[in-house]
Structures are given as C-alpha cells and as structure tokens.
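Letters A, B, ... are given to chains in the order of the sequence lines, protein chains preceding strands, and every chain is numbered from 1. Note that this is a predicted model, so its numbers are computed, not measured.
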2 protein chains.
Amino acid sequence: MKKNFEEMSYDELLTEFKNIIKANGLKFTSQREAILRTLYDNPQHFTSENLYMLVKQRHPDLTIGIATVYRTLALLEENSLVSSISLGIQGKKFEIANKPHHDHLICKECGKIVEFGNEKIESLQHQIAKENGFELTDHLMQLYGVCSECKKET
Amino acid sequence: MKKNFEEMSYDELLTEFKNIIKANGLKFTSQREAILRTLYDNPQHFTSENLYMLVKQRHPDLTIGIATVYRTLALLEENSLVSSISLGIQGKKFEIANKPHHDHLICKECGKIVEFGNEKIESLQHQIAKENGFELTDHLMQLYGVCSECKKET
DNA sequence: TATCATATGACTATCATTATCAAAAAGGTG
DNA sequence: CACCTTTTTGATAATGATAGTCATATGATA
Ligand SMILES: [Mn+2]
Ligand SMILES: [Mn+2]
Ligand SMILES: [Zn+2]
Ligand SMILES: [Zn+2]
C-alpha cells in the first residue's frame, strides 16, 4: 500500500500530490504547492515552525499560516510524500520522501543529522518481528552520539 | 560514567538511590521511595500519569502530587535507575532499569510492548557510528507493527 | 529538638499541536 | 465567464503534557 517516491523529480512529485488530492476530493492550493516546493528544494529536516518560516521567506507574496503547514505536513506524511523523525521532546522533524529509506545518526552537541541505510539491520528487524508474531509495518531508529567536529572542541 | 543496575534487588536499588540522593545533597522522602517501589514491583512501561495513579493506589496513606512524580522520574532517569521510551506525541513511558538493555516492539493496534535484545544490531550500530566519525552514546530503536492477537481480529 | 536547606502539592505558565469558524478560494457546471 | 458548492485558509482559542513558582512541610544534621 505504501508508495515509493524515490528519486522523483519535482514535477513527478507534484503530479503525485495532485493525484492524491483529487483522489481524496481535496483541492490543490498555492499554499500546498509552496510547501511541497520548499521541501523539495531543501532536502533537510525541518520542524513545522522552521518550514513555516522558510516557506514565507521563499514565497513573500503568499499568505500562509502555521496551521496550514501543520495540516499540509500531515497530509503529505499520510501519503508518504514526506517522512518524519520524532526527536523526543524537541518535537518532530520532516523531510521530503523522494530518497531511499534511511535512518539517522544525530549529534547530541550540535544537532547534526547524518543519514544512513543498513540492509543487515533492516532484515534483522524483520526477523525479530517475525519471531514475536508481529507483522512489521514501520520502525524508528536513531543513533545518538558526538560527531567528529564536536569531539575536537572538548 | 553510565551505571549498570542489571538484576539488582529492590534493596540494592534503594541503596543506590540513597547514595545518589546523598551525593547530590538531596533528601530521601517517602514519595521518592514509593515511586521507586512501585516501579520495581511493576516492571512495565508507565506514563507519568499512569504511574502517579498506581502509586496513589498502592500507598493510599501517602500524599503525592503529579509534579513530584515528574520530578522524581527525571531524577531517577538522570541517574540511570529508570529508562524511558519516547512514543512520539503519545508521550514518554518509563520503566525500572534493573534489566539488561533492550529495545521495543510495539503493536500499533493495542499498544502491546514486547522487549527484545539483539547483539548483532547493537554491534552494527556501533560500526555505523564509527564509519561516520561519531562516538555513539545512545540509541533509540522501536519496531512498529501488528501483533498476532490484533491480526486475528481483522 | 533546633536549625535550615530541600521537597512537596497546588497552582499557574509554557509551548507545541489541534480545533473552531467565518471568510476566501478552488473547481465543476453551463 | 459567472454561479454554486465544497474545501481551505488564517486567526485565534483550546488542549494537554510537562515545567516552573511559592508558601508550607519535612528530612538531615548537630
Ligand atoms: Mn533523513
Ligand atoms: Mn522496556
Ligand atoms: Zn556535533
Ligand atoms: Zn496488538
């Protein structure tokens, strides 16, 4: 059921988004487009607030409220066009989902986020779920540490 | 620096707690003891609120406020006597930390939590961190799926 | 037991996220 | 294009988990 949007261009993603919108009886708006565009052009990890500010900066003529950012991110995530990582109390960060699945290595000092993928771990996770009678749908894996930059400073 | 309290009895944990309290110029109180006791007797995963209710139920003669539960859990966690898992928006769950390190497999339907440990994954995680110049201090791994009970019901 | 620093419970404040709602915009239809 | 209906929007209020405040209570020490 889960769509895969790996390596898609902006136009392809936009078409997908429009299809999703149509399929759900929703409407295509300039706010929704601006959010997708901003995420595409900045393939980083954003809090809702950060993204809100960047969208306004990139689209000065567009009126947009923070509520719309929350709503649109939820819509995009439900349809696998964006993915999110939960950083405990520090909230949630979102990124465009046109890259292969990966997990995150996070520096506790400076917040730097490094992406990595590891097939061995993925397959072990499936095995663990199976052994416990679970059907694995999803997982969350974040490694925390101190990056080389920050190690120097100590 | 991180203490290891695996397999400790309640008395041993209590002694550790008292030492920590003394070392920090704090005071040993009946509320703090009741919280540790309740966590020890119920080695499950509690939200702050759930734990608060259970402590009151188990110690009807003790006056205790939710704020004290938050404060004590923070103190216990800082000193590695309890550990927590962050469940996104659904908040944080705490458990006594006198068991070996493990991660969690969580049913999305009923919330059931299964604990597991996997040395292969742990060592792969260290390898990944090393490859990226990070010093690994910690990690978060949660597998989400549907348990066998819940699969039946569909 | 007297002293005094810390802890407590009730309460308020905070802060991210959601809900509400009247006004605006989308997008069919002819 | 004008009309019509539905969805969307932004401003704002509400929510809910957690943290902070403060006067009083309590623990540790002598
Ligand atoms: Mn990422
Ligand atoms: Mn556990
Ligand atoms: Zn760093
Ligand atoms: Zn289940």
For this session: Report yes if a side-chain nitrogen or oxygen of B:T29 is closer than 4.0 Å to either non-bridging phosphate oxygen (OP1 or OP2) of C:dT6; otherwise report no.
Result: no

Exercise. Reckon A:Q31 has a side-chain N or O less than 4.0 Å from the OP1 or OP2 of C:dA25?
Worked result: no

Exercise. Checking only heavy atoms, does the side chain of A:K92 share a donor-acceptor pair with the base of C:dA16 at less than 3.5 Å?
Worked result: no

Exercise. When you check the phosphate oxygens OP1 and OP2 of D:dT8, does a side-chain N or O of A:R71 lie under 4.0 Å from one of them?
Worked result: no

Exercise. OP1, OP2 of C:dT18 versus side-chain N and O of A:Y70: anything below 4.0 Å?
Worked result: no

Exercise. Using a cut-off of 4.0 Å on non-hydrogen atoms, how would the nucleic acid contact of B:I64 be classed: base, sugar-phosphate, or nothing?
Worked result: sugar-phosphate

Problem set entry | d(CD, A:E77; C1', C:dT17) in whole Å | 14 Å

Exercise. Hey, does B:E49 reach any base, or is it just sugar-phosphate, or nothing, if we go heavy atoms under 4.0 Å?
Worked result: nothing

Exercise. The side chain of B:K22 lies closest to which of these nucleotides: C:dT6, C:dT8, D:dT29?
Worked result: D:dT29

Exercise. Counting only heavy atoms not in B:E6, do more than 12 fall under 6.0 Å of its CD?
Worked result: yes

Problem set entry | Pairwise 5' ranking along DNA chain C for B:T63 and A:S48, keeping only the more 5' one | B:T63

Problem set entry | Rounded interatomic separation in angstrom, taking NZ from A:K27 and P from C:dA23 | 18 Å

Exercise. Minimum heavy-atom separation for A:T63 to A:Q31, with atom names?
Worked result: O-NE2, 3.1 Å

Exercise. How close or far is atom C1' of D:dA14 from atom CD1 of A:I66, stated in whole angstroms?
Worked result: 17 Å

For this session: For B:L62 and C:dA7, give me the distance from atom CG to atom P, rounded to whole Å.
Result: 16 Å

Exercise. Rounded to the Å, how far apart are A:N24 CG and D:dT8 C1'?
Worked result: 15 Å

For this session: Measure from CG on B:L73 to P on D:dA19 and round the result to the nearest Å.
Result: 10 Å

Exercise. Between A:H101 and A:H139, what is the ring plane arrangement, given parallel below 30°, perpendicular above 60°, and tilted in between?
Worked result: perpendicular

For this session: Ignoring hydrogens and angles, state whether a donor on the side chain of A:S84 or A:E77 is under 3.5 Å from an acceptor on the partner side chain.
Result: yes

For this session: Please tell me which of A:V69 and B:I21 maps to the more 5' nucleotide of DNA chain D, matching each residue to the nucleotide holding its nearest heavy atom.
Result: A:V69

Problem set entry | Rounded distance in Å - OH (A:Y52) to P (C:dT17) | 14 Å

For this session: Return yes if a side-chain donor-acceptor contact under 3.5 Å exists between A:E115 and A:H45, otherwise no.
Result: yes

For this session: Can you tell me the distance, in whole Å, between the CZ atom of B:R32 and the P atom of D:dA28?
Result: 10 Å

